[in-house]
Protein chains: 2
Amino acid sequence: MGAVTSNAISIGELSRLSGVSPHTLRFYEAEGVLKPAGRAANGHRRYRREDVLWLEFVLRFKVTGMPLAEIRQYAVLRAQGEKTLQPRLTMLKLHRERLVTKINELSTCAGVLDDKIRTYRKMIAKSRVPAKKAAK
Amino acid sequence: MGAVTSNAISIGELSRLSGVSPHTLRFYEAEGVLKPAGRAANGHRRYRREDVLWLEFVLRFKVTGMPLAEIRQYAVLRAQGEKTLQPRLTMLKLHRERLVTKINELSTCAGVLDDKIRTYRKMIAKSRVPAKKAAK
DNA sequence: TTAAGAGTTGGAGCTCACTCGATGTCAAGA
DNA sequence: TCTTGACATCGAGTGAGCTCCAACTCTTAA
């Protein structure tokens, strides 16, 4: 049975798994968003289950528009252990607020967009009817 | 009473009104997002009511994450008049779809975030209780 | 033995959306 | 007359977030 290897995966596998290119994964590591990955004997990066979970968390942050710098800040706190629970909670709450605001903003825009679409449909319908009448 | 002036505003006024810097307004014009503004006798840009409304529309597109290139594309169609109603409607519908998808995605993330916040609160509460007991 | 394929590094380059700086014109007010 | 302030143009610079390239090392399979 494999000794140290256990269930660690390569950068290529993580890339396929996460949809993030190997380039970008290394870039994230350089930026301090991902902690320096463990290495195999040949120097290749080895990602473990917890690394995959953290990446998923990071991607959720990203999707919600958090800038990398802020994600890194959170990552740094996390690396410092339990004593930073409070500041991390503060960051999460703040981000939650922004997220709710953003969702509301987008919903408003979606409403306006719907109105616009309805108007367009009507305009297109009207511009077609006279043509039919004329043809009659 | 003022003749041609009517209710046209300067770039500075539009900037204050919209929260977009004069630099950026000129940049938008150069990019074809805003149509070339009318000019006063001295060469200064004069924006009219319809220009302000169009800018508002553009900003709503922007807020919802539409890239400038796409907004310009819409602007170009609009400038071509009634005959482009159909392609514009198509663009609006497509964008609506993306917007709805985005809103759902964000809502999911908000849910996950809420869970995380709850977990953090519990962890913080637990890390406090033993300290109190020890002090007793 | 050679070639392919997956990884490594460092650094340059790219896109997007601004943002700024230099330089100039013009009109109004002290 | 001189200064201030708002505007103009043009081109360069910025920052975020990748994305690609060159050159190299290993391992494995033909």
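Numbers restart at 1 for each chain; the letters A, B, ... are given by sequence-line order, proteins then strands.
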Start and end of the DNA chain D segment that chain B contacts, any atom under 4.0 Å from a heavy atom: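 For DNA chain D, the relevant span reads D/dC7 to D/dT9.
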
A/Arg96 CZ to B/Ile117 CD1 distance, which is reported to the nearest 0.5 Å: 6.0 Å

Do [X] and [Y] make a side-chain contact, defined as non-hydrogen atoms from C-beta onward lying under 4.5 Å apart?
| X | Y | value |
| --- | --- | --- |
| A/Met66 | A/Gln73 | no |
| A/Phe57 | B/Lys116 | yes |
| B/Trp54 | B/Arg78 | yes |
| A/Asp51 | A/Leu34 | no |

side-chain N/O A/Arg45 vs C/dG7 OP1/OP2, d < 4.0 Å: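 Negative; the distance criterion is not met.
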
Any A/Ser10 side-chain N or O less than 4.0 Å from OP1/OP2 of C/dG7: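 So the side chain of A/Ser10 is within the cut-off, an N or O lying under 4.0 Å from OP1 or OP2 of C/dG7.
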
Side chain [X], main chain [Y], donor-acceptor under 3.5 Å:
| X | Y | value |
| --- | --- | --- |
| B/Ser15 | B/Ile11 | no |
| B/Thr84 | B/Pro87 | no |
| B/Arg49 | B/Asn7 | no |

Electrostatic pair B/Glu82-A/Lys126, nearest N-O below 4.0 angstrom: no

Cation-aromatic face contact B/Lys62/B/Tyr28, 6.0 Å, 45 degrees: no

Distance in angstrom units between A/His44 NE2 and C/dT9 C1', rounded: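 Going from A/His44 (NE2) to C/dT9 (C1'), I get 12 Å.
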
Nucleotide C/dT9, atom P - distance to NE2 of A/His23 in whole Å: 12 Å

Earlier contact from the 5' end, DNA chain C, for B/Lys62 and B/Asn42: B/Lys62

Sugar-phosphate, base or nothing in reach of B/Arg26, heavy atoms under 4.0 Å: base

Residue-level proximity of residues 65-73 of chain B to DNA chain C when a heavy atom falls under 4.0 Å: B/Pro67, B/Leu68

Worked verdict on A/Arg45 versus A/Ser10 for side-chain contact (heavy atoms from CB on, under 4.5 Å): CA-CA 6 Å; A/Arg45 287 174 178 78; A/Ser10 73; over 6 Å; no

For DNA chain D, the residues among residues 27-38 of chain A that have a non-hydrogen atom under 4.0 Å from it: A/Phe27, A/Tyr28

